Amino acid sequence: MKYREFAEACERISQVTKRLEIRSFLSEFLRKLDPEDIPPALYMLQGQLRPEYEGVELGVGDALVLKALATAAHMDEGRLKEEVRATGDMGESAFKVLSGRQVLEEGRPLELSETYDTLRKIGSTTGEGSQEGKTGAIAILLTRTSPVEAKHLVRFLLGKLRLGVKEMTLLDALAEIYGEGDFKLARGTIENAFNMDPDLGEIGTLLREGGLKGLEAVTVALGKPVRPMLAERERSLQEVLDRMGGKMALEYKYDGLRVQVHVDRDGNVKIFSRRLEDLSSQFPDVVAALKGAFRTLPVIVEGECVPVDPETGELRPFQEISRRRGRKYDLERIATEIPVEVFLFDLLLEGTESLLPKPYPERRERLEKLTRTSSAVDFATREIVSELPEAERFFQKALTDGCEGVVAKSLAPDSRYKAGGRGFLWIKYKREYTQELSDTIDAVIVGAYRGRGKRAQWYGAFLMALYDPDRECFSTLCKVGTGFDEETLASLTQRLTNAALTARPPSVESGFAPDVWVDPEIVLELRGAELSLSPVHTAATGLIREGYGLALRFPRFTGRLRDDKGAEEATTVGEAVRMYTSQVRHVEEPPKP
Ligand code: AMP
């Protein structure tokens, strides 16, 4: 196909607004393509050169394209700039300035495939002199284009093609072509294949070669991110349990970044996000941790990447990991500042075998068999439950441990991995919580943990407790390792070293065993996201619910040492109960539908 026909199609599409009209126009257009033009056309209609997950970019900016256009139009750059300022669209200006040109200088019209190949070459040109090389190549293309071709080529180069042709519209158009009268069935089949192989160029080629049957060959493949399976929601744990037929696996629902990890035979790691972007270069520490984590290769696994406190190993709020996204520089420093851990929960490929059709229990079991865990790679905590109290206890534990809830997973024989599907084989149950506790809490140090890494010479985290005046004891509320500067850690270490005990003081009630115990004396002011019920911390045990204490989620030191307060003047368990009950929303309240 000539590039001109493609550009004219772009022109036409940019004038149509109705989706159905675009769809039928597109299917007509796609039908006319020569087989080798199918992938380029499918990518370029979306303004891309390759599927998005490959992250292929042209690497040209406005100035470069302007220069190339000025050369092709034999025009002064300054004047062209004025012209572009007037139209606000360099594509439109290209159309205008080239319209005056009488004949195409080279005579031979551009082929679509030729244009595509040149653009790919431009995209892969790097290093010294690459800018000049790109400008030259674009100028040559533009000398061979008609005004309408130039308009859409310029827009494409600038990433401003904006035809509004989304993947889904192209799937619709393909279904119209290959549906043989049953559009719905074809659409479903094509989307299923596309969920496993998000390369539309390849899907288009398979369809052309073998129709819908040709898509049967599509399977999960290394290096191509599978569209992730998603979870439905229910309003209560009872409903979740009922929906699952009375027995289910519950996993912690970590609040981080979903990652799909592809490791090839040689141990090369690629990490894809939920939206199929390649995150590998942004997380070199995660890549390194996953490199040697599997006994069988290749594999594709899935998990959640979560920020952890380097001192306590406890989970940190999601916002911290978002500070690591999109960075190009200082990657190593930020990796030590905001270390992350990956909690794996699924296995999609082992060796050459796709595990998508296998039931969840088998996938999880095989995942556990083939993974070597480390401080940075572990499995999502889980439990098989069949009673509501067990489920509730697990859910509360998940919250205390810094998770946002649980994901229930079906154990049924048909619990396959549904790429790109939201269904009841997975059900999430989380709860809304306030972002920040409105008040601070004064808690007492009852134990300390030796620091790690940069903090190795000090205590790096502390076991904190509240005072219980009725029982005259201190019961634990949280571990805290966040919010301390070096000076504070040094002075606390000095004070605590003198007071360190080897055994738990009788006045302290705790289910934890810190590296050293201390008599409750030093009071720290803490902030946190909220108070939640905890099966492990002992503060206010049984006062709100039998068998549960209270915990402070995502605690951090405010910087205020309350030396003006004695241990008994710290926040009491009674106050904490009142704070808990006055929080905006409650644990028992079901999430909004
Ligand atoms: P949501 O984003 O609320 O639709 O919840 C689904 C997301 O929860 C998934 O995309 C994962 O990123 C995340 N998640 C955290 N822990 C798990 C888990 N154990 N199993 C599945 N998804 C999980």
Side-chain angles (χ1 to χ4, degrees), residues 53 195 198 225-235 237 240 243-244 248-261 271-277 279 283 286 300-308 314-322 324-325 340-348 355-356 358-368 371 373 376-385 391 394-412 415-433 553 590-593:
Y53 64 84
N195 282 337
V226 174
R227 234 162 262 275
M229 177 162 174
L230 301 170
E232 267 295 349
R233 48 162 72 81
E234 279 291 5
R235 288 170 58 85
L237 279 172
V240 176
R243 174 79 76 165
M244 290 292 186
M248 60 192 175
L250 280 185
E251 292 185 352
Y252 275 14
K253 184 176 192 307
Y254 297 90
D255 194 6
L257 275 186
R258 179 158 185 173
V259 288
Q260 191 176 97
V261 180
I271 303 175
F272 294 103
S273 74
R274 173 178 175 150
R275 298 175 57 202
L276 318 188
E277 304 144 283
L279 300 177
F283 291 91
V286 182
I300 301 179
V301 296
E302 260 189 350
E304 191 88 353
C305 186
V306 195
V308 288
E314 296 192 337
L315 305 182
R316 298 293 307 152
F318 166 72
Q319 290 78 351
E320 295 190 6
I321 203 172
S322 48
R324 292 194 52 175
R325 293 291 311 273
V340 294
E341 187 165 345
V342 180
F343 295 93
L344 299 174
F345 52 74
D346 222 314
L347 176 64
L348 278 57
L355 274 88
L356 304 198
K358 302 284 182 204
Y360 158 79
E362 178 179 341
R363 299 199 309 276
R364 171 82 192 210
E365 195 182 308
R366 286 172 63 173
L367 171 73
E368 289 184 16
T371 308
T373 57
V377 181
D378 210 337
F379 305 112
T381 302
R382 76 154 188 175
E383 215 171 279
I384 309 288
V385 302
F394 186 80
F395 172 67
Q396 295 297 350
K397 198 160 150 294
L399 294 186
T400 317
D401 283 347
C403 294
E404 54 173 357
V406 288
V407 183
K409 297 193 173 172
S410 164
L411 300 168
S415 56
R416 56 168 294 144
Y417 186 97
K418 284 203 173 135
R422 194 181 283 286
F424 284 99
L425 289 173
W426 287 9
I427 306 175
K428 59 186 173 186
Y429 179 70
K430 49 181 179 177
R431 71 183 208 71
E432 312 278 327
Y433 53 86
R553 295 183 80 216
K592 286 193 200 111

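What you see is a predicted model; the values in this text were computed from it and never measured. Just so it is clear, the values below take in all heavy atoms, side chains as well, and ignore hydrogens, waters and symmetry mates. Both counts, for ligands and for their atoms, begin at 1 and track the order of listing.
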* **Pair Glu234-Phe424, side-chain contact (heavy atoms from CB on, under 4.5 Å): steps then yes or no** => CA-CA 9 Å; Glu234 279 291 5; Phe424 284 99; 3.7 Å; yes
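Atom-to-atom distance recorded for Tyr254:OH and Glu341:CD is 8.0 Å, nearest 0.5 angstrom.
Judged by distance alone, the side chain of Glu251 and the main-chain N or O of Arg382 form no donor-acceptor pair under 3.5 Å. Put simply, the side chain of Ser410 never gets that close to the backbone of Ser415: no donor and acceptor are under 3.5 Å apart.
Side-chain atoms of Lys397 and Tyr252 form a donor-acceptor pair, as typed in the model, at a separation below 3.5 Å. A donor-acceptor contact closer than 3.5 angstrom is absent between the side chains of Asp346 and Tyr417.
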One line per pair, note the atom names and distance for all nitrogen or oxygen contacts under 3.5 Å between ligand 1 and the protein.
{"residue": "ligand 1", "atom": "2 (O)", "partner": "Arg274", "partner atom": "NH1", "Å": "3.0"}
{"residue": "ligand 1", "atom": "3 (O)", "partner": "Lys253", "partner atom": "NZ", "Å": "3.4"}
{"residue": "ligand 1", "atom": "3 (O)", "partner": "Lys428", "partner atom": "NZ", "Å": "2.9"}
{"residue": "ligand 1", "atom": "3 (O)", "partner": "Lys430", "partner atom": "NZ", "Å": "3.1"}
{"residue": "ligand 1", "atom": "4 (O)", "partner": "Lys428", "partner atom": "NZ", "Å": "2.4"}
{"residue": "ligand 1", "atom": "5 (O)", "partner": "Lys253", "partner atom": "NZ", "Å": "3.0"}
{"residue": "ligand 1", "atom": "8 (O)", "partner": "Lys253", "partner atom": "NZ", "Å": "3.1"}
{"residue": "ligand 1", "atom": "10 (O)", "partner": "Arg258", "partner atom": "NH1", "Å": "2.9"}
{"residue": "ligand 1", "atom": "10 (O)", "partner": "Arg274", "partner atom": "NH1", "Å": "3.1"}
{"residue": "ligand 1", "atom": "12 (O)", "partner": "Glu304", "partner atom": "OE1", "Å": "2.5"}
{"residue": "ligand 1", "atom": "12 (O)", "partner": "Glu304", "partner atom": "OE2", "Å": "3.4"}
{"residue": "ligand 1", "atom": "16 (N)", "partner": "Tyr252", "partner atom": "O", "Å": "3.4"}
{"residue": "ligand 1", "atom": "16 (N)", "partner": "Tyr254", "partner atom": "N", "Å": "3.1"}
{"residue": "ligand 1", "atom": "19 (N)", "partner": "Glu251", "partner atom": "OE1", "Å": "2.9"}
{"residue": "ligand 1", "atom": "19 (N)", "partner": "Tyr252", "partner atom": "O", "Å": "3.0"}
{"residue": "ligand 1", "atom": "20 (N)", "partner": "Lys409", "partner atom": "NZ", "Å": "2.8"}

